[in-house]
Amino acid sequence: MAQLSSRVRALMQPHLRELDVYDPNFTPTRINLSANENTYDVPAMTRAAIDAALAATPTNRYPDPMSNDLRDALAAWHGCARENVIVGNGGDELLYNFLLAFGGPGRTLVNCPPTFSEYAFFASLTQTEVADVWREPETYLPDAEGLVAAARTASLVVLTSPNNPTGDVAPLELVRSLCEACPGLVMVDEAYGEFAAPGTSAEPLLAEHDNLVVLHTLSKAFALAGTRCGYVLAAPDVIAALGAVRQIYSVNVLTQAAALTAVTRREDFAPTVATIVSERARLFASLRELGEHVPITVWPSEGNFLLVRTPDATRVRARLRDEYSILVRDFSYAPGLADCLRITVGTPEENDAVLAALSALVSKQAAASAAPSSKEVSHV
Ligand code: PMP
């Protein structure tokens, strides 16, 4: 896509003039492990049920603006009322609406980088100030004291659990402390929550804290990234505010029908989620073992992805793409993530392929380069 011209930059709102068009850096490859999608598609029987629901959905009428049938199904699942749920065009829309409704000039969002870049992006669009409380640079665990101190004067806090791209879950004690400290709202983004150990979700804390907001998506465990459907659980007045700022028809009829079918048949997805979780453990163990021989560091993860550090990661990523047709995400450019790649956990065959390719590439590069580069790698 064309870049922004100086002519249009001058016409844009001053705080938006530095923006560029989002480039996902996507190249078609044999194996795509770059976007934390579910590399398993929707199970065949579930897909047939979705197709039947789509076929029965008229498209000449506008959608139900609030997706009430879907809200009811989500509420029944999560043991809450319709008033505690709002649906959006992906989690992204709900994150944007969160900043739109509750951020803005003079307001501060506490962010915990390295993390999902959309929080800072949506803060910049809405002119919300960002207070970064950086994770510990070796373990990438959050600085609990720093976060709670920053939360005391903040309007909003966002914590990702499991965190993208570092994979750790937010301790519930920390979430509780943040809810107590923050005079505004605390968002826990559980986009990858279905892959995490049972008992790690912040959802039970919703009953105790009416300033807690929990985000979910159907893009990951439910293999519906292309459908664009996410939802938020929160107190009814928070949901009402998110409802007030939303674009009324953002969740189209086909998405509502597909999501309702998937949520109603959510047990169908359990086997692939279980496979991804066990494959994550296998990939992690194999990368750890590889790290004993070649310069590779891998962090434990509760998501459907692993963060890996290896010297010259940008080159490794390019060679994975060009020589093996495997796409992973390069985070080398991101502050705090020097030489880091994020690898989505795929099918056993995809994981075997990325493991073999990485092993070959990193061994070759380690042999070719001078010894000191391996010293820079810390194993945690
Ligand atoms: N939160 C996190 C942490 C994510 O990584 C993503 C997607 N990559 C989202 C939210 C949004 O997902 P979606 O818009 O597809 O629901």
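Below, all heavy atoms of this structure are taken into account, side chains as well, without hydrogens, waters or symmetry copies. Just follow the structure's listing: the first ligand is 1, and inside any ligand the first atom is 1.
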Check ligand 1 for N or O atoms under 3.5 Å from a protein N or O and list each pair with its distance.
| from | atom 1 | to | atom 2 | distance (Å) |
| --- | --- | --- | --- | --- |
| ligand 1 | 1 (N) | Asp189 | OD1 | 3.3 |
| ligand 1 | 1 (N) | Asp189 | OD2 | 2.5 |
| ligand 1 | 5 (O) | Asn164 | ND2 | 2.8 |
| ligand 1 | 5 (O) | Tyr192 | OH | 2.7 |
| ligand 1 | 8 (N) | Lys220 | NZ | 3.2 |
| ligand 1 | 14 (O) | Gly91 | N | 3.1 |
| ligand 1 | 14 (O) | Asp92 | N | 3.0 |
| ligand 1 | 14 (O) | Arg228 | NH2 | 2.7 |
| ligand 1 | 15 (O) | Ser219 | OG | 2.6 |
| ligand 1 | 15 (O) | Arg228 | NH1 | 2.7 |
| ligand 1 | 16 (O) | Gly91 | N | 2.6 |
| ligand 1 | 16 (O) | Thr217 | OG1 | 2.5 |
| ligand 1 | 16 (O) | Ser219 | OG | 3.4 |

Side-chain (Glu136) to main-chain (Glu138) donor-acceptor, under 3.5 angstrom
yes
Within residues 315-349 or reaching into it, pairs that qualify as ring-ring contact (aromatic ring centres under 6.0 Å, His included) - sequence neighbours excluded:
none
Asp339/Arg309 salt bridge by N-O under 4.0 Å criterion
no
In chain order, what residues pass the side-chain hydrogen bond (donor to acceptor under 3.5 Å, both in side chains) check against Asp330, with sequence neighbours excluded?
Thr314, Ser332
Would you call Arg176 and Glu208 a salt bridge, using N to O less than 4.0 angstrom?
yes
Partners passing side-chain hydrogen bond (donor to acceptor under 3.5 Å, both in side chains) against Arg135 (at least two apart in sequence or in another chain):
Asp168
